[in-house]
Asks: 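Please read through the structure below; I'll follow up with questions.
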Amino acid sequence: MMGKVKLPRSAGSRRTRLTAVGAGVLIVGGLAFSPVAFGAAAPPKYPAADIHKPSPMPDRVILTPTTTPSASQKVTWRAVTEAESAQAEILEAPRALGGVAPPAGAVANVRAISTTPVNTTLGYASVYHTVEFTGLKPNTRYSYRVGDGTNWNEWSDFTTAAADLQPFSFIYYGDAQNYIDSAVPRVFRQAFAERPQAKMIVNAGDLIDSANSEEQWGQWYKAAGFIDSQVNNLSIPGNHEYSGGLSAFWRPQFPYPDNGPGNPELKQTAYTVDYQGVRFIGLDSNVQSNAALMAAQATWLEGLLKDNPNKWTVVTFHHPVYSTTGTRNNPAVRDQWGPLFEKYGVDLVLQGHDHSYGRGNVATARKSVTVNNGVAYVVSVSGGKMYALNNGENWTGNGAEVVSKSQNTQLYQLIDVEADKITFEARYANGEHHDGFVVRKNSKGERTVNEVRTAENTVGEQVGVDKTTVDHRGELTVSAYGYDPAERVSVSLRKADANARGKDKDSVSVGVRDADELGRLTYTFRLPANVKKGETYVVHLDSANQKITSPAVTVNK
């Protein structure tokens, strides 16, 4: 705990005084310095050309996924290295390196498959090299390094994907774009601190502000640092990755699978990766004015959704289906892709562009106060440039609803995938919780999207009934949502006025039932004989997590 610092006394018992910096003398390590620098001219700005200048030492090392992430891995880096010399070394991750030499034959040397120079405005070329490791074992940790045979980067580790659906985590960011060298790094670092085991980072476009700025791309890589060298990066371009065409940096840096719609313009900007039970689909929404390219993506998208062996589907692109800010609107995206997301049950749609946070679903998917069964559409921002929220009219005007929103906040999203559920949480740059929900899905493909529980949303009128008047000894069906799978629920009838007073002396027990694997409860029962004719009751559902009631039900005389 910090308290007051007591300064030492001199031999003559006079108290040494430390005057505020800038107004007196600064004492450091026993030496006194006058604050001349603060009164003199400011130091010159260190030139970007010097900060980001490449050398034979590898930098900007980044992992990008292949179409077989359980058996192969791509790594890209920048270095002043001839194509013939660009190479990597890899071995199964040992317990020690350095003074402990790997066994003979354990280290494999792999030559780069591509070397691409990118001319920059800083007076030099940035040269990107890519290597592909193949023949790897599933769910296995590897150590690797890249270089020219003499100049190597440090050893880094990655773990291949499992061959089937296994739990894993990934991180999602909206636009970084601005203040990349100052405000963005803490977001990237906080997210990684929360999910150091993450297997994937999804960027929904606008990683930088100026498509061909060597300085900004350098800042973007510095913001994440070593993280990119051990976590796969899955990015799609935003409008700021375009300037008279796609950024010259994009394909050399991000050699994504060339498995998109087939149009040359969409190469490595629209692509798909299957990873441990999740089909990730990246789309390029920057071509909305090109009907042919939008139609090609729609046809390709439908094929991927119709024939999908994976349990979960995550789609990412830049321009939102439902915009959160200003007068923005993306009807081509909404009209061409939106119906496919709904028809084929996409789980998450992750977007950027609007520099704010918004999360919601189509209105017809609403099942209760806390549960819907639709696609979760999310817009987010990780950088420091902010836009003001609108009133949600782009959502409500197009048959959707906003469930959570935020402005003037930097966020990161943590997504945890399991066999039967996806847990999603959005947090602010300082680590505080903003929004969260759980998507549950059964073997039939049925789904519920459940809000994070609070004291306020686990009480009140949330029970559905098939009728509000019922004959004495007649049948009544109730339905409710928001439970844990197999959560035990007690069902009772209470007089409506007693329920309003919070008393249960007039309660009549009906039975006990368990919620299903999606947290749903449907129960049909016959009214007990001791229910009085002419009285009005509510159905009360009591469980460990919820205490909820139905609308009033009147028993016929």
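Throughout, residue positions are numbered sequentially from 1 according to the sequence presented.
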Asks: Does the pair Asp307 and Arg279 meet the rule for a salt bridge (Lys or Arg N to Asp or Glu O under 4.0 Å), with working shown?
Replies: CA-CA 11 Å; Asp307 182 18; Arg279 172 155 287 181; over 6 Å; no
Asks: Closer than 3.5 angstrom, by distance alone: can the side chain of Gln351 be matched with the main-chain N or O of Val378 as a donor-acceptor pair?
Replies: yes
Asks: Go through Ser356 and Asp354 one step at a time and tell me if the side-chain hydrogen bond (donor to acceptor under 3.5 Å, both in side chains) criterion holds.
Replies: CA-CA 6 Å; Ser356 58; Asp354 284 352; 5.6 Å; no
Asks: Run the numbers on Tyr275 and Phe170 for ring pair (Phe, Tyr, Trp, His ring centres under 6.0 Å), then give the verdict.
Replies: CA-CA 11 Å; Tyr275 194 98; Phe170 68 95; 9.3 Å; no
Asks: Answer whether the closest heavy-atom distance between the side chains of His540 and Val463 falls below 4.5 Å.
Replies: no
Asks: Test of understanding: with salt bridge (charged side-chain N to carboxylate O under 4.0 Å, His left out), list the residues that count as partners of Asp466, not counting sequence neighbours.
Replies: none
Asks: Which label fits Tyr387 and His355: parallel for a plane angle under 30°, tilted from 30 to 60°, or perpendicular past 60°?
Replies: tilted
Asks: Taking everything shown except Lys267 itself, do over 12 heavy atoms lie less than 6.0 Å from its NZ?
Replies: no
Asks: Do Thr121 and Asn212 come close enough that some side-chain heavy atom pair is under 4.5 Å?
Replies: no
Asks: Contact between Thr324 and Trp395 at the side-chain level, heavy atoms closer than 4.5 Å - yes or no?
Replies: yes
Asks: Which value, rounded to the nearest 0.5 Å, describes the distance between Tyr428 atom OH and Leu411 atom CG?
Replies: 6.5 Å
Asks: Please identify each residue that fulfils salt bridge (charged side-chain N to carboxylate O under 4.0 Å, His left out) with Glu446, with sequence neighbours left out.
Replies: Arg520
Asks: Is it the case that atom CG in Asp50 sees more than 12 heavy atoms from other parts of the structure closer than 6.0 Å?
Replies: yes
Asks: Give a yes or no on whether a salt bridge exists between Arg359 and Glu451, defined as a side-chain N under 4.0 angstrom from a carboxylate O.
Replies: yes
Asks: Just jot down the ring-ring contact (aromatic ring centres under 6.0 Å, His included) partners of His240, sequence neighbours excluded, or say none.
Replies: none
Asks: Please examine the side chains of Phe249 and Glu241, heavy atoms only from C-beta on, and report whether any two atoms are closer than 4.5 Å.
Replies: no
Asks: Could you tell me whether the side chain of Val538 reaches within less than 4.5 Å of the side chain of Pro551, counting heavy atoms only?
Replies: no
Asks: Quick one about Glu214 and Ser126 (side-chain donor to acceptor, distance below 3.5 Å, no hydrogens or angles considered), yes or no?
Replies: yes
Asks: Would you mind telling me which of Asp347, Val362, Val315, Leu348 makes a side-chain contact (heavy atoms from CB on, under 4.5 Å) with Phe341?
Replies: Val315
Asks: One thing to verify: whether Arg440 and Asp484 come together as a salt bridge, which I'm taking to mean a side-chain N less than 4.0 angstrom from a carboxylate O.
Replies: yes
Asks: So does Asp416 pair up with Arg195, basic N to acidic O under 4.0 Å?
Replies: yes
Asks: Please work out whether the ring planes of Phe424 and Tyr172 are parallel, tilted or perpendicular, with thresholds of 30° and 60°.
Replies: tilted
Asks: Are the side chains of Phe437 and Asn450 in contact, using a 4.5 Å heavy-atom criterion?
Replies: no
Asks: Taking atom types as modelled and ignoring hydrogens, do the side chains of Tyr128 and Arg60 form a donor-acceptor contact shorter than 3.5 angstrom?
Replies: yes
Asks: Going through the distances and angles, do His353 and Arg328 end up as a side-chain hydrogen bond (donor to acceptor under 3.5 Å, both in side chains)?
Replies: CA-CA 10 Å; His353 192 53; Arg328 291 184 168 190; 3.1 Å; yes
Asks: Kindly determine whether His433 and Glu425 satisfy side-chain hydrogen bond (donor to acceptor under 3.5 Å, both in side chains), including the steps that lead there.
Replies: CA-CA 7 Å; His433 171 86; Glu425 185 181 7; 2.7 Å; yes
Asks: Quick one: are Thr76 and Phe254 in side-chain contact, heavy atoms under 4.5 Å?
Replies: no
